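Okay, structure first, notes after.
Residue numbers start from 1 in every chain, and the chains themselves are labelled A, B, ... in the order their sequence lines are given, proteins ahead of strands. Since this is a predicted model, take the numbers as computed values, not measurements.
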Amino acid sequence: MIAKVIEELLNKLIEEAQEEGLLSKDAKPRFQVEPPKVAHHGDYATNLALASAKLSTRNPRELAQWFTQRLLVFKDLFSKVEVAGPGFINFFISPSYWQSLPASIMEMGDAYGRSDVGEGRRVQIEFVSANPTGPLHIGHGRGAAVGDTLARILLFAGFEVEKEYYINDVGRQMQILGRSVYLRALELQGQPVDFPDDHYKGDYIRQLAAELLKKDPTFVQRPENEAVSIARDFAKEAILAQIRKDLEDFGVSYDSWFSEKTLYEHSEVEKALSFLKDKGLIYEKDGALWFRASEFGDEKDRVVIRASGEPTYFASDIAYHYNKFFTRNFEKVIDVWGADHHGYIPRLKAAVKALGLDPNNLKVILIQMVNLLQGGEIKSMSTRAGEFVTLRELLDEVGRDATRFIFLTRRADSPLDFDVDLAKQQSQENPVYYVQYAHARLCSIFRKAKEARIFLPPIDKIDTSFLNTPEDYTLLKLLDYFPDIIEEVALKLEPHLLTFYLLDLATVFHNYYAKYRFLDQHEPTTWARLLLAHATRIVLAQGLWLLGVSAPEKM
RNA sequence: GCGCCCAUAGCUCAACCGGAUAGAGCGUUGGGCUUCGAACCCAAAGGCUGGAGGUUCGAGUCCUCCUGGGCGCGCCA
């Protein structure tokens, strides 16, 4: 948080420098305030003078000197400000700033880290959205973890967030699903069936067939297309119910479940297409209707209505995003997709542009493949073939906390090998326990303090100047950094940064714990450290909550 | 063939819109519980950031080419 304070100070000084003609008024220098890698470069450093060298009449070191002199007057904030190297400005934060931090964290409680960068803007985030043709597998789990955590963090950062699951309940794959169940039902009734290769072969299809037969024993005797319809609707609802339950147990809840079918029922597909048609962006060729995607950066034009008269999936998607931006008025839309859909992005962006929107308001987050490692070999997964590890299996055998954490310890766009054997057998060595253990340890300290009848006096009676070791400062600095991490994740949409932050915080805490006693012989020291412990616990608990991972008091 | 993503320690991964000496975990080696939880801590070893050029005060990060991997190029979803 101190980084933001410094940034604001610098921005004021930049204006001053511009007034004095030291800096050109043509452009605003882009600079960063960040913790340097080496301790003797101070607590924070900025490249301001280097970054604005081209806008200045002076060389970077002279410019840095000018800023430094004006910063030195803030004695309660900085113990030292110096020019270093080619023109960095290094800040040494005064101990009293750090020492005042735990009290304010205590006062703010779980509001600490909350931000208003979102300015209440309405954001929709859509994730998982797996076709309701089978159970969720491990890859969907990754999308769920990333999407849900992002939603939590965006909310925490001051956005108004709505989480949505898009149900593809229109089209051929639903028909195939219905037919798969129908055929299995026939089989169960003893009729010989030639089961096509492109139908869904998983065991769950047989189970669904059996359930349906139990509920409606005569449905198979109806004409085939009627029976298939019945099977389709039944299977869709049953599978969706299961998906909902799996996600719920994974700690993921949605604000809305949006059916593709309703786009047609409310003629939104027509509306969106006629909108484009009026702009002359739809034309006919080979009996089909095409959208001029190539005029908006896509490599070629795309079919929206087939020669058969059926709309394509793309047509639905245009209408869906028309609905998101116009009907429901979201300012910003985030789609979380599997990386195999990346070729689809230019097409959708083109559509968004054609609708007259700024394509930057649509962010697509690609979730890379999850490779399943079993016995050291990569297994391929396919819903049709019915071979996959389901999210349910992971929940049962690895657990929700560990699974979510593993998914979030990698950038979304880097492929992940999920070693199932390892996750199952050695789950005790999972890094999630490292963070949770830090939290449990803190809680244990509080229990011990209570047993020893040590009670904290009112906060203003605690002398935090006893928090003065290098380890105190390291820990305080990291706690101070928490709000910055939240904003960074919200801006860059990269939740793994929070995971790494928490691992860092746990490391620093464990280190501190090994070196110092919280319950010290000297009572004022104990009070100060207990206050620090409370602040640390608050941040750990809040961070874990944002990841959707529990913060146990004992383990 | 065209396009997108990736290549960092033995393994799995970080590195904050280009910043100072590239960091963790696992694994390996050695040390640390009569005191708040050892699911922990400390130390050591481990790197030409796939290769070759370029841009500049400064490159793992940006540009070009090459090599090697993943994915996508449907009137499928």
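- For A:Asn47 against B:rG19, a side-chain-to-base donor-acceptor contact under 3.5 Å is present.
- Classified by its glycosidic torsion, B:rC33 falls in the syn category, the angle being within 90° of 0.
- Side chain of A:His496 to backbone of A:Leu408: no donor-acceptor contact under 3.5 angstrom is found.
- Using atom P as the reference point in both B:rG47 and B:rC62, the two lie 25 Å apart (nearest Å).
- Comparing the C1' positions of B:rA15 and B:rU8 gives a spacing of 10 Å, expressed to the nearest Å.
- For the OP1/OP2 pair of B:rC76 and a distance below 4.0 Å, the side-chain nitrogens and oxygens of A:Arg172 include at least one atom meeting the criterion.
- Across every strand in view, B:rC17 sits unpaired, with no contact that passes the Watson-Crick or G-U test at under 3.5 angstrom.
- A distance cut-off of 5.5 Å between ring centres, combined with a plane angle under 30°, places A:His41 in a stacking arrangement with the base of B:rA20.
- As judged by a 4.0 angstrom heavy-atom cut-off over every strand, A:Pro36 is placed among residues making no nucleic acid contact.
- For A:Met555, the side-chain atoms get nearest to B:rG37 when compared with the rest of B:rC36, B:rG19, B:rG37.
- For A:Gln32, the side-chain atoms get nearest to B:rG19 when compared with the rest of B:rC75, B:rG37, B:rG19.
- Using P as the reference atom, B:rC16 and B:rG50 are 16 Å apart when rounded to the nearest Å.
- The shortest distance between the side-chain N/O atoms of A:Lys285 and the OP1/OP2 oxygens of B:rC75 is not below 4.0 Å.
- The aromatic ring centres of A:Trp337 and A:Tyr344 sit less than 6.0 Å apart.
- Of all nucleotides present, only B:rA43 satisfies the Watson-Crick or G-U wobble test against B:rU29, with each distance under 3.5 Å.
- Side chain to side chain, A:Asp401 and A:Ser550 meet the donor-acceptor criterion of an N or O pair below 3.5 Å.
- Nucleic acid contact class of A:Thr409 (heavy atoms, under 4.0 Å, all strands): sugar-phosphate only.
- Mapping A:Tyr516 and A:Asn90 onto RNA chain B by nearest heavy atom places A:Asn90 closer to the 5' end of the strand.
- Between B:rU61 and B:rA9, the distance separating the two P atoms is 15 Å to the nearest Å.
- Of the listed nucleotides (B:rC73, B:rC75, B:rG37), B:rG37 has the atom at the smallest distance from the side chain of A:Tyr513.
- Other residues, nucleotides and ligands contribute more than 12 heavy atoms inside 6.0 Å of the CD atom of A:Glu82.
- No contact: A:Ala438 has no heavy atom under 4.0 Å from any strand.
- Nearest nucleotide to the A:Leu50 side chain, out of B:rC57, B:rG37, B:rC76: B:rC57.
- In this structure, CG of A:Leu475 is placed 15 Å from C1' of B:rC41, rounded to the nearest angstrom.
- Residue A:His342 places a side-chain atom within donor-acceptor reach of the base of B:rC71, judged by atom type and a 3.5 Å distance cut-off alone.
- Each of A:Pro86 and A:Glu553 was matched to the nucleotide of RNA chain B holding its nearest heavy atom; the match closer to the 5' end belongs to A:Pro86.
- Side-chain atoms of A:Asn511 lie closest to B:rC42 of the nucleotides B:rC75, B:rC42, B:rG37.
- Rounding to whole angstrom units, OH of residue A:Tyr501 and P of B:rA15 are separated by 17 Å.
- Here the straight-line distance linking atom CD1 of A:Ile365 with atom CG of A:Leu150 works out to 5.0 Å at 0.5 Å rounding.
- Under the 6.0 Å cut-off for aromatic ring centres, A:Phe407 and A:Phe418 qualify, their centroids lying closer than that.
- Comparing B:rA38, B:rC41, B:rA14 by their nearest atom to the side chain of A:Ala514 picks out B:rC41.
- With centres under 5.5 Å and a plane angle under 30° as the test, the ring of A:Phe500 is not stacked against the base of B:rA24.
- Put simply, A:His496 has a side-chain N or O that comes within less than 4.0 Å of OP1 or OP2 on B:rA15.
- Taking every side-chain heavy atom of A:Arg411 into account, B:rC6 is the closest of B:rC36, B:rG72, B:rC6.
- With hydrogens and angles left out, the side-chain atoms of A:His321 and A:Asp335 include a donor and acceptor closer than 3.5 Å.
- One can place CG of A:Asp301 at 15 Å from C1' of B:rG74, the figure rounded to the nearest angstrom.
- At the heavy-atom level, A:Asp520 lies nowhere under 4.0 Å from the strands shown.
- As a whole-Å value, the separation of A:Tyr344 OH from B:rA77 C1' is 8 Å.
- A:Ala449 comes within 4.0 angstrom of nothing in the nucleic acid, heavy atoms only.
- Ring geometry, A:Tyr512 versus A:Tyr516: the interplanar angle falls from 30° to 60°, so the pair is classed tilted.
- Distance noted for atom P between B:rC2 and B:rC66: 10 Å (whole Å).
- Pairing of B:rU61, defined by two Watson-Crick or G-U wobble distances under 3.5 Å, is not identified with any nucleotide.
- The side chain of A:Phe88 has B:rG19 as its nearest neighbour among B:rA77, B:rG19, B:rC75.
- Within the nucleic acid shown, A:Pro35 comes within 4.0 Å of at least one base atom, counting heavy atoms only.
- Under the Watson-Crick or G-U wobble criterion, with both distances below 3.5 Å, B:rG72 is paired with B:rC2.
- Base pairing analysis places B:rC36 opposite nothing; no Watson-Crick or G-U wobble pair with both distances below 3.5 Å involves it.
- Across the P atoms, B:rG46 and B:rA24 are found 15 Å apart, a figure rounded to whole Å.
- Rounded to whole Å, the separation between the P atoms of B:rC6 and B:rC13 comes to 14 Å.
- For A:Arg306, whose side chain is taken as the heavy atoms from C-beta onward, the closest listed nucleotide among B:rC75, B:rG37, B:rG19 is B:rC75.
- The interatomic distance linking A:Leu289 (CG) with B:rC75 (P) rounds to 13 Å, in whole Å.
- One can place CZ of A:Phe405 at 18 Å from P of B:rA39, the figure rounded to the nearest angstrom.
- When the C1' atom is compared between B:rG72 and B:rC17, the two are found 28 Å apart, to the nearest whole Å.
- Proximity of A:Lys492 to the phosphate of B:rC17: a side-chain N or O atom is located under 4.0 Å from OP1 or OP2.
- At a threshold of 4.0 angstrom between heavy atoms, the contacts of A:Arg302 with the nucleic acid are absent.
- Taking atom NE2 of A:His439 as the reference point, atom P of B:rC36 lies 20 Å away to the nearest angstrom.
- For A:Lys448, counting side-chain heavy atoms from C-beta on, the closest listed nucleotide (B:rA77, B:rC36, B:rA20) is B:rC36.
- Figure legend. B:rA24 is base-paired to B:rU12; pairs are counted as Watson-Crick or G-U wobble with both atom distances under 3.5 Å.
- Here the side chain of A:Arg400 pairs no donor or acceptor atom with the backbone of A:Val549 at under 3.5 angstrom.
- A distance-only check finds a donor-acceptor pair linking the side chain of A:Asp358 to the backbone of A:Asn360 [under 3.5 Å].
- Taking atom CD1 of residue A:Ile153 and atom C1' of nucleotide B:rC16, one finds them 15 Å apart after rounding to whole Å.
- Here A:Tyr166 lies out of heavy-atom contact (under 4.0 Å) with every strand.
- The base of B:rC40 is not paired with the side chain of A:Tyr433 by any donor and acceptor separated by under 3.5 Å.
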